[in-house]
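Comments concern the structure below.
Numbered from 1 within each chain, the chains take letters A, B, ... in sequence-line order.
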Amino acid sequence: MILPFCVKKYDDIKPDPLMIKRYMRDRAGNPAMDPLIEECIGECAGLLDCRICAYITPLNIDGDKVDLGFASVKSRDLADNLAGCRNTVIFAATAGLGIDRLVKRYSDISPLKALCIDALGSDSVEQTCDRFNEELGKKYILGNMRFSPGYGDLPISFQKAIFLALEIGKYTGVHLTDGVQMVPSKSVTAILGVKDEIS
Amino acid sequence: MKFLDFVKENIVLLDGATGSLMQKYGFPAGVKPETANLTHRDMITDIHRQYFEAGSNVVNTNTFGANLFHYSESELEEIIEAAVSNVRRAAELSGAAQPKFVSYDMGPSGKMLRPYGDLDFEKAVELFASQARLAEKYGADLISIETMNDGYETKAALLAVKENISLPVFVTNAYNDDERLLTGSSPEAAVAMLEGLGADAVGLNCSYGPDKLMGTIRRILAVSSVPVIFKPNAGIPAVVDGKTVYDISPDVFAEYVLKAVDEGVNIIGGCCGTTPSYIEKLNLGLKNRKRIPEKEKNITVVSSYSHSVEFGEKPLIIGERINPTGKKAIKLALKENNIDFLLKEGRSQQEAGADILDVNCGLPDINEREMLTKTVGELQAVCDLPLQIDTSDFTAMEGALRIYNGKAVINSVNGKEEVMRNVFPLQKKYGGAAVALTLDENGIPETAQGRLEIAERILKTAAEYGIKPKDIIFDPLTMTVATDSNAAKTTLEAVKLIREKTGCHTVLGVSNVSFGLPERNIINSSFLLLAMENGLSAAIINPLSENMADAYRSYLALKGFDDSCLGYISGVKARAEIKTAPSGTVKEDDSLDKAIIDGRKDAAYALTKELIKSTDPLDIIGRQIIPSLDTVGKNFESKKAFLPELLLSAEAAKSSFEVIKENCPSNAGDEKFTIILATVRGDIHDIGKNIVKLLLENYGYRVIDLGKDVESEEILKAAKENSAKAVGLSALMTTTLPSMEEAVKLLREYLPECKIMVGGAVLTEEYAEKIGADKYCSDAMETVRYAESLI
């Protein structure tokens, strides 16, 4: 049994208009988008539901085989990324199902607005990850970047092992489909290396 | 002693966490916990025994994740048999004297249901049913459905239990500190649905400590007529010295939970982090407490997935527009399976202030069950209002009630024996509040007294099925004043009389009153006012009608239902804005092509309205709209414009087309050819596909959008039935590419002439070629260009 060491909701995530533009692939930063972005930020204010749950697991690396206690996986890139770490923190973050509902609501009335809300969701879940990462960094000396299934040679199918072993759905409402996609769609799972506790 | 008799007479003490103790005993990580029933029988039995020793009346089996997603059929049976017998053995081993019961613990499936996830509702029902049957077979005393954070999945589980076995069933949901489920249900909405489906007790477990959940448990107590369950965590987890610990002590935990008992909670226990010492504290506290009996809450309430709507003194509006009677556009939409149109009707009525939406899909040559079920499902995905399922086809009624996420209004039953025999069993099984028309085999009585008598007979028959008066809403029937000058008067008298004599709420379809008269809105709105003044609880009207909205808002303001007249003021303001908006934006030096290129939606709409007075619609399309779209498209292709700008222009063009369609509907049929779009099976992302759809429609193609997670066979069927010249397939992730390959193969085999375009984040030209697609499109414009090349 692995229980989470942290289950948390972030009520103060503020979507960043600049990042929303970037996620919308608005490379020119068109000012005509500003009112729409403001409108979407307003509409999503009560709907954002940014949460995380996190677990500490043991770590053993043998060549390209990474053993996380509850499962092991072959991945050179993950092994390199976790080199020198003693444990890992595995966490799931989400911006909540409200974003999916709103995207669906607008998908045929205004695909542009749907795109904007989708981008807002992407920014919110990234900010949630950053915030958690930052908080963790105050307690632990962390390894390299957070690493998710699908990065480098870490197969996306490793999500299945994560969701099977950790009760992510129970704590965050994030579920995995048979097609290995996460619902709510604005969700992230990631593995972080932990070197030591900050004394 | 029978379990439910015990529940009626006692405060029931449940157990605490199993997982936390298993962790303490060193059960290995990464091993499925339910296997411990077989591999660690003594450990599991001992954990159960400790709870009985601590005073628990009910101990849950260790079967939280025991379902066919995680185990084979034979493994599942073995686990459930062992799990039930482990608790039974623990009860025997324990020396404690209290009555002891075995509860089969049923946790969530671990998957999200459609439309947001990929688990089909009926599959979920079958998944839970397989567990329920085994639990009964191996001798559990009750089923506890627990830690559900999605209302819809809770419904699937409860329905599975109720329609397969006869054990009592407890249901608890995992609420957040914002007093909602993760998928949005309020406690009131959840209770309305669960009581309707026949739960023996409802409440909450898990998520937080009792301190953070007192608000939610009070809200549940306020609306529940069945016993309420409170089983919170021992606070929030944290890691201390490498171990997970919870921050609320047994004493503090007991203090909160016992306070809830003093307020009326009659079933208590603990969830994550609680141990036998927490249960012991609760047991001690119960020694000098008396059970407070539940009170029947006499409230008429319906719900959507997110919230409940209560019938009361303030009248409600039920939007009537999704109904083909007398509406050509809806008829056409239903015949063409055009769900988008129906969804727009739903959204616009919600925006106009409807509290509930009536949904009627009855047409002579339509599969009503299929259409109604589909429309209800899709509407619930984009609109959070409760729905009123309006049909006289009982199979359609059952289909819609079964998949409905919440407690619906059922429209309708009446005094005819045959109708009551068909509708009441459905209402009993699926829950719901039924609209009951005061007519019977002899027709509609001419007097209010006659209608009251039918109402009383309906209530009597409903009671035989176990349906309470609060779940019947009477419709005393609006008749036409043009043919009978006393018709309206009788209806108004009946509204008042039925409310007074039966205590039930009333509803009327208002507009019937004016059939055959000129300026119907005038008399309709006056009748609405009179009906409300006579105590009408809900009016079935068109909320977009100004007269009706005016009458309704004025009534609320005049009768003290509208604080500081804020609703009245904002309603009037919103209307003024609509009236001045689009037509006022035409400037002399502006032009349609400029408006489209700049992506100004309102201007494009207004300019097209002006242009169409003097210009042939085909000219507007061919000389202005399409060339402007092309300009933006080329800019996009040469990276001078980006996706948002392309979409801004596309949406501006779409608003021009709307004007053209409104003015010359015949042009709407002049489409180039039919294209089927779908996101392949297993893939639930469709934002890119929706963008492609918008652009293709702008360029004049007939697009049939099958949505996301679509089976290959369904794509082939739609392509065949619609003689599609091309099919566009989308997939976002590598994991769903095999589904795309399968769809291409199937289309190739049966429709070799049909062109296949593919796109999506992970696709490449090489892969498209490898699976045999005709074209890889990297973006929406490329799809348009390829379609153009096929003409």
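Proximity to chain A (any heavy atom under 4.5 Å) is restricted, for B/E378, to the side chain, taken from C-beta onward. Residue contact with chain A, scored on non-hydrogen atoms closer than 4.5 Å, involves the side chain of B/Y305 exclusively. If you measure heavy-atom distances from B/H685 to chain A, the contacts under 4.5 Å come from both the backbone and the side chain. Contact annotation for A/T172: only backbone heavy atoms (N, CA, C, O) come within less than 4.5 Å of a heavy atom of chain B. Residue B/L648 touches chain A through both its backbone and its side chain, counting heavy-atom pairs closer than 4.5 Å. Only the side chain of A/M33 comes within less than 4.5 Å of a heavy atom in chain B; its backbone stays farther off. No part of B/S207 comes within reach of chain A, as not one of its non-hydrogen atoms sits under 4.5 angstrom from that chain. Neither the backbone nor the side chain of B/K32 comes within contact range of chain A, judged by heavy atoms closer than 4.5 Å. Heavy atoms of B/E651 lying under 4.5 Å from chain A belong exclusively to its side chain. When heavy atoms are compared at a cutoff of 4.5 Å, A/K9 approaches chain B solely by way of its side chain, counted from C-beta outward. Proximity to chain A (any heavy atom under 4.5 Å) is shown, for B/K640, by neither the backbone nor the side chain. Residue contact with chain A, scored on non-hydrogen atoms closer than 4.5 Å, involves the side chain of B/L694 exclusively. When heavy atoms are compared at a cutoff of 4.5 Å, B/I684 approaches chain A by way of both its backbone and its side chain. With a threshold of 4.5 angstrom between heavy atoms, B/Y208 approaches chain A through side-chain atoms but not through N, CA, C or O. Heavy atoms closer than 4.5 Å to chain B are found in both the backbone and the side chain of A/L115. Only the side chain of B/Q350 comes within less than 4.5 Å of a heavy atom of chain A; its backbone N, CA, C and O stay farther away.
Remark: side-chain polar atoms of B/S649 are not paired, donor with acceptor, to backbone N or O of B/L646 under 3.5 angstrom. A distance-only check finds no donor-acceptor pair linking the side chain of B/T679 to the backbone of B/D686 [under 3.5 Å]. A donor-acceptor pair under 3.5 Å links the side-chain atoms of B/D150 to the main chain of B/Y152, judged by distance alone. A donor-acceptor pair under 3.5 Å is absent between the side-chain atoms of B/Q380 and the main chain of B/S304, judged by distance alone. With hydrogens and angles ignored, the 3.5 Å screen pairs no side-chain donor or acceptor of B/N149 with any backbone N or O of B/A174. Remark: the backbone N or O of B/A381 is paired with a side-chain donor or acceptor of B/Y116 at under 3.5 angstrom. With hydrogens and angles disregarded, no donor-acceptor distance shorter than 3.5 Å links the side chain of B/R681 to the backbone of B/P738. Without hydrogens or angle criteria, B/Q23 side chain to B/S20 main chain gives no donor-acceptor distance under 3.5 Å. Looking at B/D247, its side chain does come within 3.5 Å of a backbone N or O of B/I236 through a donor-acceptor pair. Checked by atom type and distance alone, the side chain of B/E34 pairs as donor or acceptor with a backbone atom of B/G65 at under 3.5 Å.
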Only distances under 3.5 Å count here; give the side-chain donor-acceptor pairs of residues 64-75 of chain A to other protein atoms, sequence neighbours excluded, each with its distance to 0.1 Å.
residue, atom, partner, partner atom, Å
A/D67, OD1, A/G69, N, 2.9
A/S75, OG, A/L78, N, 3.0
A/S75, OG, A/D153, OD1, 2.6

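Of residues 117-126 of chain A, those residues with a non-hydrogen atom less than 4.5 Å from any non-hydrogen atom of chain B are, in numerical order, A/D118. Residues of residues 79-110 of chain A having a heavy atom under 4.5 Å from any heavy atom of chain B, listed by number: A/L97, A/D100, A/R101, A/V103, A/K104, A/R105, A/S107, A/D108, A/I109, A/S110.
Of all the listed residues (B/L182, B/T736, B/L119), the one sharing the greatest number of non-hydrogen pairs under 4.5 Å with chain A is B/L182. Counting heavy-atom pairs closer than 4.5 Å to chain A, the top residue among B/L343, B/T147, B/I687 is B/I687. The choice from B/D705, B/T734, B/L732, B/N176 that makes the most heavy-atom pairs within less than 4.5 Å of chain A is B/N176. Of the listed residues B/G273, B/G110, B/C206, B/A36, the one with more heavy-atom pairs under 4.5 angstrom with chain A than any other is B/G110. Taking chain A as the reference chain and counting heavy-atom pairs below 4.5 Å, the highest number among B/C272, B/G184, B/P644, B/P115 is found for B/P644. Most heavy-atom pairs under 4.5 Å with chain A: of the set B/K693, B/K639, B/K654, this distinction falls to B/K654.
Partners of B/D177 by salt bridge (charged side-chain N to carboxylate O under 4.0 Å, His left out), not counting sequence neighbours: none found.
Distance check: A/L166 CG to A/C53 SG gives 7.5 Å after rounding to the nearest 0.5 Å. If you take CD1 on A/I52 and OG on A/S187, they are separated by 12.5 Å, rounding to the nearest 0.5 Å. Atom CD of residue A/E39 and atom SG of residue A/C116 lie 8.5 Å apart, to the nearest 0.5 angstrom. Here CD of A/Q159 is found 3.5 Å from OG1 of A/T189. Values are rounded to the nearest 0.5 Å.
A donor-acceptor contact closer than 3.5 angstrom is absent between the side chains of B/T735 and A/Q181.
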For this session: Applying side-chain contact (heavy atoms from CB on, under 4.5 Å), run through A/E167 and B/F64 and close with a yes or a no.
Result: CA-CA 11 Å; A/E167 292 174 316; B/F64 185 79; 3.6 Å; yes
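A salt bridge does not link B/K708 to B/D683: none of the charged side-chain nitrogens sits closer than 4.0 Å to a carboxylate oxygen.
Each of B/L677, B/D779, B/V703 was checked for a side chain to side chain contact (heavy atoms under 4.5 Å, CB included) with B/V692, and the lone residue meeting it is B/L677.
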